[in-house]
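This report concerns only the one structure given below.
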Number of protein chains: 2
Amino acid sequence: MNLQNASIEELRQLEAELSREHHAFCQQDIALDLTRGKPSSDQLTLANQLDGILDGEYIAPDGTDTRNYGGLEGLKDMRQLGAELLGVKPSEVLAQGNSSLTLMFYAIMIAREFGLGQKGASTAAETAWKNTTDEIKFICPVPGYDRHFSVCEQFGIEMINVPMTSTGPDMDIVEGLIKADPSIKGMWCVPKYSNPTGTIYSDETVERIAKLGLTASSNFCVFWDNAYAVHDLHGYKAIANIMDLCRKHGTEDSVMQFASTSKISHAGSGVAFIASSESNLKHFLDVLGILSIGPDKVNQLRHLRLFPSYDALVQHMDKHAALLRPRFECVLKHLNANFADNDLGQWESAEGGYFISFNTQPSLAKKVVQLAGEAGVKLTPAGATFPYGNDSENSNIRIAPSMPTLDDIEQAMLIFVNCVKLASVTKALAAAK
Amino acid sequence: MNLQNASIEELRQLEAELSREHHAFCQQDIALDLTRGKPSSDQLTLANQLDGILDGEYIAPDGTDTRNYGGLEGLKDMRQLGAELLGVKPSEVLAQGNSSLTLMFYAIMIAREFGLGQKGASTAAETAWKNTTDEIKFICPVPGYDRHFSVCEQFGIEMINVPMTSTGPDMDIVEGLIKADPSIKGMWCVPKYSNPTGTIYSDETVERIAKLGLTASSNFCVFWDNAYAVHDLHGYKAIANIMDLCRKHGTEDSVMQFASTSKISHAGSGVAFIASSESNLKHFLDVLGILSIGPDKVNQLRHLRLFPSYDALVQHMDKHAALLRPRFECVLKHLNANFADNDLGQWESAEGGYFISFNTQPSLAKKVVQLAGEAGVKLTPAGATFPYGNDSENSNIRIAPSMPTLDDIEQAMLIFVNCVKLASVTKALAAAK
């Protein structure tokens with residue numbers, strides 16, 4: 001379908017056809033949901049042995065009675081697993097309850113309100129963001145993850161968009177912003193299979209991010225949400241080790257990493273990790289110790305039984321990939337079949353993670369989401385992948401194919417593709433008139 | 001032992017004897033811990049069937065797949081259980097992860113920073129404590145729970161001591177303070193088996209607390225930590241239903257209740273509850289939804305299998321009581337045998353909860369804790385039961401007998417009693433000289 005050379009009459013005819021098809025979909029009683037990156041029931045079942053895996057033995061290998069209070073930092077062996085997942089020393093990682101989102105919220109709350117005590121300050125409080133600037137700002141590569149943006153919005157943190165490139169955020173812009181504005185205190189990053197574009201940060205990008213601490217204000221911190229560290233669809237892909245690069249440049253305090261087992265074991269009852277310099281973690285623990293009686297260590301012990309080694313965990317991810325791959329392929333098949341030879345849509349062929357990021361022609365995303373909704377296909381609200389829900393191009397739509405069945409994705413994509421075409425033709429027609 | 005009529009010579013002889021005994025204890029290799037209210041291993045074992053109790057069935061009775069994301073408010077049936085525990089409607093309670101301490105921290109953070117939107121305010125933010133007063137103050141009945149005080153201290157909230165009476169906090173003082181000072185935004189309460197005195201709030205006290213919302217500032221909130229709601233040692237005792245009384249007086253927004261299963265099932269992996277007006281919970285959820293992907297619903301389902309009804313839960317508590325009772329009786333036996341006929345110490349005979357609160361003669365608590373430490377008996381630091389660790393009388397010591405074995409408590413109490421006597425005699429001698 002190529003609209004550029006079509007006559008008004010051709011466009012009218014096309015619109016009528018697509019509209020007829022759309023209304024036919026609307027007549028059916030369809031209710032499909034491509035909104036959120038939730039694992040499917042089949043994926044969750046892969047870890048069903050978790051309940052009962054302890055066989056009555058609640059004592060951890062290090063002698064901890066996991067049933068009782070305490071153990072704020074997490075079980076020793078769980079921290080070891082988190083260290084391997086995030087490429088740090090065990091002393092540089094804490095293992096907590098569900099979820100990494102909660103740990104990110106905590107980290108922002110603590111850095112903003114109480115301070116992480118960076119770089120030789122005499123008290124943590126004097127490093128608190130709110131005590132060093134009137135307006136706290138964050139760099140947000142876009143499109144990005146809506147829940148990151150929600151945390152910033154909750155705390156009144158001003159978000160500055162930076163475009164994603166194929167190698168990660170546009171680092172020229174990032175470096176320029178940070179050099180110019182000391183009220184920038186943080187930056188969101190999903191370095192591997194970035195949500196939603198699927199971008200893998202290049203080694204150069206990772207090193208440039210590790211070096212931001214050299215020019216940024218002393219309490220600047222990168223929020224490195226490595227949500228998809230082992231969530232490969234086509235074999236394991238490594239990214240550069242940010243902590244090693246921070247060590248090389250002496251910027252260990254300027255990055256906090258996050259990950260969890262939510263999309264590895266059970267989404268709602270996983271184990272989450274935060275990794276950073278020992279100094280940052282010390283100040284984080286000072287506050288964590290006030291609000292927590294310690295993480296759920298029983299659940300951590302269960303996870304250690306399921307994943308006795310990091311290799312076991314990585315192997316487990318192959319089973320997830322086997323379930324996810326056909327779902328992603330189904331989405332891509334429909335996109336390729338309908339939009340490969342025209343300019344109605346652009347997308348990235350994600351090699352992992354949970355999303356496919358689709359761009360309509362400018363100004364059509366909301367219309368497409370609305371049309372799909374009418375036909376019973378729920379999509380993430382257009383704009384959600386941008387701070388304040390504001391996609392100035394109104395073109396990005398995040399497709400989350402993990403949870404529905406293959407048949408449902410087939411059906412949903414037929415509808416989606418038709419919606420994109422219909423919206424595009426209507427636009428072309430309006431322009432031609 | 002009565003020191004008042006003793007001669008200097010008699011006191012000297014007594015001090016020498018007690019000192020000899022103390023040094024004999026010190027020679028032994030003793031390491032006993034009466035510091036924290038942790039359940040014993042035997043108590044924890046009462047709930048060991050939790051792991052494996054699901055038998056592969058992760059779907060809740062209401063159809064929720066507990067393994068996946070979501071369900072922010074907690075499982076329907078778990079909220080029902082929490083509602084019965086706290087005497088509210090299911091719509092007035094949320095079931096979350098471990099622990100109630102975390103929910104109390106959240107509640108203070110939200111009330112202080114974001115606001116709970118009380119009484120017809122147009123935005124939640126305008127009801128945030130920090131936006132309505134320069135200094136936030138809390139009323140703290142003393143002695144009280146150190147972790148409550150730590151949360152206040154973390155947020156820079158000024159704590160005002162109010163003495164406990166045998167019927168609860170001295171309400172004449174509380175009412176006077178609240179009438180006089182609109183910057184008082186909260187009050188801590190442990191209404192049943194108050195930590196550490198074991199006090200049960202009388203019906204009159206509960207009603208007077210429910211009425212505080214009538215005279216307090218509009219965003220005032222009682223933090224009602226019903227930590228020992230079903231933790232009776234000698235049969236179930238009811239307290240007045242604060243939510244019913246709030247309804248009677250139209251003050252439903254002025255109380256937030258907390259409880260958990262930490263001392264019912266497994267201390268570190270329990271389910272916690274927050275209960276309040278639907279309006280307060282709505283604003284609480286607005287922020288909870290930003291920081292949480294939902295509570296661990298798998299663990300909630302496990303708890304529902306273990307406690308299919310509130311009655312089953314209460315019956316389960318009889319087994320805890322059977323394990324705790326002899327421990328408490330052992331402590332009381334030693335205190336009675338040594339201090340019933342003199343003024344060296346005062347204590348309450350707790351009917352439930354986790355603590356026995358002991359008062360030395362003025363100015364001796366730190367000395368006693370120090371002496372006990374020398375002999376290998378770790379006690380909660382003197383002063384810990386007061387805000388800022390400051391017991392102006394230096395007399396309160398919290399004894400936590402739940403975790404050690406009976407033999408260990410016997411041994412620890414021999415040492416403790418000797419330390420109290422030794423410190424008292426030394427003091428009497430100094431005064432007599």
Inset, instruction - For Lys130(A), check side-chain hydrogen bond (donor to acceptor under 3.5 Å, both in side chains) against everything at least two apart and list the hits. - result: Glu113(A)

Legend entry - Heavy-atom pairs under 4.5 Å with chain B, option from Leu54(A), Leu291(A), Ile293(A), Asn299(A) with the top count: Leu291(A)

Legend entry - Asp42(A) and Ser40(A) side chains, donor-acceptor separation under 3.5 Å: no

Legend entry - Proximal to chain A - members of residues 66-77 of chain B, heavy-atom separation under 4.5 Å: Arg67(B), Asn68(B), Tyr69(B)

Inset, instruction - Please determine, among Met403(B), Lys38(B), Lys297(B), Arg36(B), the option with the most heavy-atom pairs under 4.5 Å with chain A. - result: Lys38(B)

Legend entry - Heavy-atom contact with chain A under 4.5 Å, split by part of Leu50(B): both

Legend entry - Residues Phe138(A), His148(A); criterion ring pair (Phe, Tyr, Trp, His ring centres under 6.0 Å); working and verdict: CA-CA 10 Å; Phe138(A) 256 58; His148(A) 289 163; 9.5 Å; no

Inset, instruction - Please report the shortest heavy-atom distance between Ile108(A) and Trp188(A), naming the atom on each side. - result: CD1-CZ2, 3.6 Å

Inset, instruction - Using non-hydrogen atoms and a 4.5 Å limit, figure out which bit of Arg302(A) sits close to chain B: side chain, backbone, both or neither. - result: side chain

Legend entry - Most contacts with chain B, counted as non-hydrogen pairs under 4.5 angstrom, among Asn48(A), Asn98(A), Thr102(A): Asn48(A)

Inset, instruction - Could you note down all residue pairs passing ring pair (Phe, Tyr, Trp, His ring centres under 6.0 Å) where residues 284-304 of chain B supplies at least one of them, sequence neighbours left out? - result: none

Inset, instruction - Kindly state whether the ring of Phe105(A) and the ring of Phe155(A) have centres lying under 6.0 angstrom apart. - result: yes

Inset, instruction - Quick one: sort the Tyr228(B) and Tyr354(B) rings into parallel, tilted or perpendicular, breaks at 30° and 60°. - result: parallel

Legend entry - Most chain B-contacting option - heavy-atom pairs closer than 4.5 Å, from Val298(A), Asp286(A), Leu101(A): Leu101(A)

Legend entry - Closest contact, heavy atoms only, Arg305(A) versus Ile59(A): NH2-O, 4.2 Å

Legend entry - Test item: Ser292(A) side-chain N/O and Gly289(A) main-chain N/O as donor-acceptor pair under 3.5 Å: no

Legend entry - Name of the residue among Leu285(B), Leu288(B), Leu116(B) meeting side-chain contact (heavy atoms from CB on, under 4.5 Å) with Ile110(B): Leu116(B)

Inset, instruction - Heavy-atom distances under 4.5 Å only: say whether Ser265(B) touches chain A with side chain, backbone, both or neither. - result: neither

Legend entry - Region of Met109(B) that comes under 4.5 Å of a non-hydrogen atom in chain A: side chain

Inset, instruction - Go through the atoms of Asp65(B) and report whether side chain, backbone, both or neither lie under 4.5 Å from a heavy atom of chain A. - result: side chain

Inset, instruction - Apply ring pair (Phe, Tyr, Trp, His ring centres under 6.0 Å) to Tyr106(B) and list each qualifying residue two or more places apart in sequence or on a separate chain. - result: none

Legend entry - Heavy-atom pairs under 4.5 Å with chain B, option from Leu44(A), Asp296(A), Thr45(A), Asp51(A) with the top count: Asp51(A)

